[in-house]
Amino acid sequence: MGPVSLLEEVVLDLERHSAQEGWDTAPRLYALVRSTELRRAEPELADQLGLPPDTETLAALEQPALPEKAGVEDALAAIAWPDAVEGCALVIERVVLPPDAEEEIPEDDEAQAAEYAANHPGREDVRMIVGVLRDGARHSALRLRRHDADDEVLAGPDLVPALAEALAATFEPDEPVPAH
């Protein structure tokens, strides 16, 4: 394995931090900013974060909580990052069901669907950390609750492609609305 990229490093750091906090937490969104840029623009904040002055890293700056009622994907669709933000990362927990169980999920009632998933014997709680950079780089880490050990964490660039796409879209310029 080659050297760990700055994105891989920050995703794995966020995964370790999330593991220390435990399960059943709300989704958290982070802006990823180069430490040199942060030190230039906000030296006091860089010092508070303990960023070394002579080392290039990506600092993960936690953003305000995502809205409870809107889906995470909807909340991401409304985000546009300033130019100084190099990337973003999302930490989110989801319940995953085996493929054969998905046919039985009640479709018309969201509360019944959530209850069905929560009580299904084959359910799996998964914590996903997905990071993307403006240049298209991606990295993810997955931890399963029933395999909650540091050496059981899965990591790779394409583990959660739909979430990576949603995060990458936050860096795309909004399409102008055509005038009528």
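Position 1 is the first residue of the sequence; numbering continues from there.
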* Evaluate the side-chain proximity of Leu29 to Ile79: yes if any heavy-atom separation is below 4.5 Å, no if none is. => yes
* Whether Thr170 side chain and Trp81 backbone form a donor-acceptor pair below 3.5 Å -> no
* **Asp135, CG atom: more than 12 neighbouring heavy atoms under 6.0 Å** => yes
* Does Ser35 reach the side chain of Leu38, with side-chain heavy atoms less than 4.5 Å apart? -> no
* Within a strict 4.5 Å, meaning less than it, do heavy atoms of the Val160 and Arg94 side chains meet? -> no
* Do Arg34 and Leu6 touch side chain to side chain, with heavy atoms closer than 4.5 Å? -> yes
* **Within-4.5 Å side-chain heavy-atom neighbours: Val11 and Leu7** => yes
* Note, Leu76 side chain near Leu167 side chain (heavy atom, < 4.5 Å) -> yes
* Calculate, to the nearest 0.5 Å, the distance between atoms OG and CE belonging to Ser18 and Met128 respectively. => 12.0 Å
* Indicate yes or no: does Asp125 engage Arg146 in a salt bridge with an N to O separation below 4.0 Å. => no
* Asked: Any side-chain heavy-atom pair from Asp158 and Ser140 closer than 4.5 angstrom?
  -> no
* Asked: Would you call Glu56 and Arg39 a salt bridge, taking side-chain N to carboxylate O under 4.0 Å as the test?
  -> no
* Might you point out which heavy atoms bring Val153 and Ala141 nearest each other, and give the distance in Å? => CG1-CB, 4.0 Å
* **Ion pair check, Asp24 and Arg145, cut-off under 4.0 Å** => yes
* Asked: Salt bridge between Glu21 and Arg127, side-chain N to carboxylate O under 4.0 Å?
  -> no
* Asked: Checking Glu44 side chain against Glu42 main chain: does a donor-acceptor pair fall under 3.5 Å?
  -> no
* Counting N and O atoms only, with roles assigned by atom type, does the side chain of Arg143 sit under 3.5 Å from a partner on the main chain of Arg16, one being a donor and the other an acceptor? -> no
